[in-house]
Structure formats: C-alpha cells, structure tokens
S.K.: 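Handing you this structure, nothing more for now.
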2 protein chains.
Amino acid sequence: MSDSLTVQNLGEQGLLKRVQSFCPSTVVGDDAAVLPTESGMLLVVTSDVLVDRVHFSNQTTPPESVGWRSAAANLSDLAAMGASPLGITVGLGLPGEVLVSWVEDLYRGITGCLQKYGTVIVGGDLCRSPVITVAITAFGQVDPTRVIRRATAQPGDAILVTGFHGSSRAGLELLLHPELGQELSQDDRISLIQAHQYPNPRLDILPSLPETRISGMDSSDGLADAIVQICRASGVGARLDRQKIPIHPALKRWASSEKAMKWALYGGEDFELVLCLQRSAAQKLVERLGGAAAIVGTITSDSDIRVIDFTQETPDEILTLEQGFQHFSSD
Amino acid sequence: MSDSLTVQNLGEQGLLKRVQSFCPSTVVGDDAAVLPTESGMLLVVTSDVLVDRVHFSNQTTPPESVGWRSAAANLSDLAAMGASPLGITVGLGLPGEVLVSWVEDLYRGITGCLQKYGTVIVGGDLCRSPVITVAITAFGQVDPTRVIRRATAQPGDAILVTGFHGSSRAGLELLLHPELGQELSQDDRISLIQAHQYPNPRLDILPSLPETRISGMDSSDGLADAIVQICRASGVGARLDRQKIPIHPALKRWASSEKAMKWALYGGEDFELVLCLQRSAAQKLVERLGGAAAIVGTITSDSDIRVIDFTQETPDEILTLEQGFQHFSSD
C-alpha cells in the first residue's frame, strides 16, 4: 500500500525522483544547481548533509578531517560545474554533550580547506540535535560559456580523469582495520590515509581547462558512478581501458590489482573530476595537468559502458548504477 | 578545565562567538550573509537547520507545516535584509522508517510557501540520519543601497513593526494543549493556529519601503530579541510603548494582557519585520502597509531598552538578551 511506503522501501534513487518533482526540471541533474543572475554570470549552488555514524566516525576521521571533507565535498561539486567558489554556509546540529574543542576542530578543518581555495564561511546556523549533523551549502559563479554539465558528452569524446582513484577507499580500509597494511612504508600509509581524511577538490585545474565543450562531473560517488551518470544524462555509452585508470603506487604495492580496481571504480570520495572532451583537447589537457591525470576511455554511441582489459587478464565488466552506493539500504 | 567544556556548558551565544571567529567579521552579524558579486548586486545567503523534536513535532505541525515554516523562516531572513529570493536548497536527513508520504507533504509545504513568493527549490541533498533533519539555505539579491542591516539604527528613529506579535506562540499553546481555548470562536482559533503553522515572511512589503536608511531585522526569535539585537549592533537604546505593540484581537480576547504581552515580546516565530527609520518616513510606511503595522517606540541614546506602560498599570520592563531563547539549555 502506497500510504505505508517508507523511505527505506523506496530507496534513495526512488525518493530522489519523487522529490525532484517539486523542483523546476531546469535546475536538477547536475552536481549543483545553476541559476542565472543579472550580471550574466551563473550562480552555482550545492548542498550536502553529513551525519555522525552515517557519513563519518571518530574511528576514521578526527573532527578536523570531518570539517575538511565536508568543505571539500562541496567545493568539489562547484569544481564539477566549472565554478569558482564565492563562499559556504555551515549549519551544525549538535548534542549538548559534544566538546567545544571538537566543534572548534571541525571549523578549523573547514576553514583549512577553504583557505587553500581562497574562500570563506559566510554564515550558518547552530542548533541542538540528538546527532551531530553538518549541513554545508557552497555557492560559486561561472561564466555561462564555461559551465561543465553532465548531459553534453558526445560519441568520440575522450574520457579524462584528473588524478588517482581508489586511494580514499584504501585509506578508509587502513583506518577501519589498523592491523592491515603492516607491509606498507610509513609514507605509503600516510599518503592513502591523507587521501581519505584530507582530499583535495580539483578547483585548481579550472584555469587550465580549454575553452571548448566539456562535459563531466566529480567522482565523489566513485569513478564508475560518474561515468554512468554522464552516459545516462548524455544518452551515450562508453569504453574504459582498465589499464589506464590511474592508481596510486602505494595502493598498487599494497592491494591485489582486482581489489585496487574495485576501489578505484566503486570506492568513491576521491573528489577528482571526470571530463569528456574532444580527444585532441583532452591530450593537451593531460599534458598541462601532469600528475596522475590520464585519458581512461572513449564515449561511444553504444548503449552500455564496458571496462575492457586489453591484456585480457580479466573479462569485460559492464557498469550499472546499482553497483554504486545505495544510501538508504539497510546495511 | 577547558578541554572538557561541552556545547551545553558553554551555551548557544558562547558557542556562536567561538564559531564566528572562523568567519570573516564582515559577513557575520545580520540575519544573513552579504557578499558582493560582479553585477554590483549583493548576494544574500541564510541557513537554518531544523531537527525533529527540537524545532518541530508531529503534535503541533503536520509535515506540510514543517515544510512551510522551514521555507518561511529562511525567506524571512532574506526579507530582513531587504533581499528578493533567488531560490533555496533543501538538505534532508531521514531515518529509513519515515513514510514517503511524509516527505512528499514536507516538500508540498516548502513549495507552497515558495510559490507564494515566486521562488523555487534549486537543489539539495537527501541522506540517511537517525533523526529527521531539514537544512535549508536560501539566497537572494539586493541592491547595495537598499540593504537592511542591524547596526545602523540612530537615536530618534521610530521603531516600526509590520504586524501582530504573539500569535504564533498562542497558536502553539492551542496545539500543545487542545483542551485550552474552548471559549475561542472557531475563526479565532484557526487564526492563531495558522499563525503558528503557516507564517508569512514579509517579502511582500519590500517594494513599499522608502529609499532612505532603514535598520532592522525579523522577529523570528521574538520582538524583544529583535530590538535587543538591533540596539546592541547599533550601540543605542530604545523605549517601547507597551500599548502600541500590535496584538491579534483573537489573542486579546483569549489571554490576559500580561500573558499576551509576554508572548508578543518573547514568543518568537511571528516572522514580522522590526524596522528603524526616521519618524516621518515610518509614519508614511505605516499608512502604506496598513493592516497591523505600527510604530511601537523610539531608538534612544540610552544604554538600556525599556518597555513602558504609559497607562502605568504595569512597571517598566528592562529587556535583556537572556530573556530570549537559549537553544542549548537542557530544558
């Protein structure tokens, strides 16, 4: 009976669809909402709500890291739209017994991340809540000709990722199971944990982007999810070259290639950008970005998304949305 | 020991001060943050986090009303700055067992309120949480010459309120204690309950405001709190005429004048505006607004805020911030 349908029964995607029916269709579908302003610039707005023991825990993230990650996730959504940040608001729900030092460390983390990208907290709200809740809204601006959207990828486009994938998930594993990874050097261990606790949204690359059509989003919910979302929104397929997906040397040394690839595709929270653009422009961009940036595949006119192992060591993998996160599932 | 200091020990005002040290001083101190944009218009941003059983309850507010009130509170903060809304984002934390119909009614309430003021939901976030949490960020724009701030009131200014005070608190009392108010007519009862469940932020009056210096804020935390905040920020005092404070006829009929005045001053959530401007401009504005708008007092160069009963039935009352809400108190 529909009257007794719960949020958990319906699942996140189903609930999202129902809720989107209350929003103008022009503003949903990307990492952030885009609104015209009188200046001709687009105002870009994105929100995240993070809840203690759902999105973070004392075991894996000290308060400074909770703050940094919350800010980074929202700045990454701005980067995904090609937008420069104007500021963020921080709404905080707190149980009375939380230590003031915890709250100050949280803010230290938030402002640490913001400072790195030249932006600030411009407002917010404090309230009592039975569970620590961090609600961040970030807003930025972008020239309408430079906005990055999901729905504009075209067959033939190269698929470019701006950096390593899987590191954040590997860092989480080390934090959850401190007995693991004893064979890792101290530096390798720290690299992976840092990737989880203090990720870097890729606002830094915006000035390097060419002035051509670029489609894309960030990989906050995993590289696989990002590619599926772009393909769905653009009505295209894709082929990925398994060997080209950039994986941090520390992760390569530590995990089996199968596990490393699973984390790279489905781990999430690497906060890199996944961009689709003409191959020649993509090649130049990879050179300009350096680091771990790489072309990992091609947009196709197929109806599926295949991860191909050209060494033929593993069979082709078909990506579906269901392999991504399901935030409302009971496990 | 400062290391073991909790949020509850420190209290909301104390925590707010510590947290504000992480924000640029230019953007805090008003109902909303104000940021310059390239167009010359100011971007105004405000956030609220509302938590089940802290800020709302099934007993007093059905989900549609929770949604309406959440939107109204944020739009009221925009109105308090003189800003027209551009849109809002809605971040929602939900336990899995919440009914989908509850969520849809919440959104119906939000969009019902937004529609009335010609604005929309532009984005948001859904996530799992052990407690229903509604985090709304509203943003709007205002011409820099028309922005309303707290800190610019001057001795001699008239203090104008745009409508009735105390009605929302009276409606809450009727909802909490359905056995009360049996002597009220059905219409009176509905008026007060409506004032609590479906308040109207005063964006409607912005076009009527004169192009002169106006200082002010909204009365969401109570009329007394609004006047104290304006006086503190402006470094001025005030005298209020107890008899001039507009109280709904239904409330006058129902409650003792003492109780009605207490609710008018400290009840909160009436979402009217409290404006300070030159007396002649204030008088014209009262005529233009009609309804329950009234001049209730005068800004002075005194160091206190006195509520004076010129009929001498009650002694003068001195307003302090402590009489307002203390969100983190344990009761």
Side-chain angles (χ1 to χ4, degrees), chain A residues 3-8 10 12 15-16 18-19 22-24 27-28 32-33 35 37-39 41 43 45-49 51 54-55 86-87 89 91-94 96-101 103-104 107 111 120-131 133 135 137 139 141 327-328 330, chain B residues 3-8 10 12 15-16 18-19 22-24 27-28 32-33 35 37-39 41 43 45-49 51 54-55 86-87 89 91-94 96-101 103-104 107 111 120-131 133 135 137 139 141 327-328 330:
Chain A
D3 280 0
S4 61
L5 185 72
T6 66
V7 162
Q8 191 169 320
L10 188 59
E12 192 197 6
L15 188 63
L16 200 59
R18 296 225 186 173
V19 157
F22 292 95
C23 312
V27 296
V28 295
L35 290 165
T37 67
E38 291 181 11
S39 64
M41 293 290 273
L43 178 66
V45 185
T46 177
S47 286
D48 258 324
V49 181
V51 177
V54 177
H55 303 94
L86 289 166
T89 63
L92 201 55
L94 293 171
E97 66 273 17
V98 170
L99 294 178
V100 171
S101 61
V103 179
E104 290 183 313
Y107 273 85
T111 50
V120 290
I121 298 174
V122 298
D125 189 30
L126 287 174
C127 73
R128 193 152 47 90
S129 169
V131 58
T133 305
T137 298
F139 38 96
Q141 58 186 354
H327 295 291
F328 287 109
S330 48
Chain B
D3 280 0
S4 61
L5 186 72
T6 67
V7 161
Q8 191 170 318
L10 188 59
E12 193 198 4
L15 187 64
L16 199 59
R18 296 225 185 172
V19 158
F22 292 94
C23 312
V27 296
V28 295
L35 291 164
T37 67
E38 292 182 10
S39 64
M41 294 290 272
L43 179 65
V45 186
T46 177
S47 285
D48 259 323
V49 181
V51 177
V54 177
H55 303 94
L86 289 166
T89 62
L92 200 55
L94 293 171
E97 66 274 17
V98 170
L99 294 179
V100 171
S101 61
V103 179
E104 291 182 314
Y107 274 86
T111 51
V120 291
I121 298 174
V122 298
D125 188 31
L126 286 174
C127 74
R128 195 152 45 90
S129 169
V131 58
T133 305
T137 298
F139 37 97
Q141 59 185 353
H327 294 292
F328 288 109
S330 49

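Lettering of chains follows the sequences in order, A, B, ..., and the numbering in each one begins at 1.
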S.K.: Show the nearest heavy-atom pair for residues A:Ile121 and B:Pro24, with the distance to one decimal.
M.R.: O-CD, 3.1 Å
S.K.: Is it the backbone or the side chain of A:Val98 that comes under 4.5 Å from a heavy atom of chain B, or both, or neither?
M.R.: both
S.K.: Which one wins on heavy-atom pair count under 4.5 Å against chain A: B:Val51, B:Leu16, B:Leu86, B:Val103?
M.R.: B:Val51
S.K.: Do the non-hydrogen side-chain atoms of B:Leu15 and A:Leu94 ever get within less than 4.5 Å of each other?
M.R.: yes
S.K.: Closest approach of A:Cys127 and B:Val49, non-hydrogen atoms and distance?
M.R.: SG-O, 3.5 Å
S.K.: If I compare all heavy atoms of A:Ala135 with all of B:Ala135, which pair ends up nearest, and what's the gap?
M.R.: CB-CB, 3.5 Å
S.K.: Could you tell me which portion of A:Leu10 (side chain, backbone, both or neither) has an atom closer than 4.5 angstrom to a non-hydrogen atom of chain B?
M.R.: side chain
S.K.: For B:Ser47, what residues pass the side-chain hydrogen bond (donor to acceptor under 3.5 Å, both in side chains) criterion, not counting sequence neighbours?
M.R.: A:Thr89, B:Thr137
S.K.: Show the nearest heavy-atom pair for residues A:Val54 and B:Ser129, with the distance to one decimal.
M.R.: CG2-CA, 4.5 Å
S.K.: For A:Glu104, enumerate each residue passing the side-chain contact (heavy atoms from CB on, under 4.5 Å) test, keeping only those at least two apart in sequence or located in another chain.
M.R.: A:Val100, A:Arg108, B:Arg18, B:Phe22
S.K.: Out of B:Thr133, B:Val19, B:Thr111, which one racks up the most heavy-atom pairs below 4.5 Å with chain A?
M.R.: B:Val19
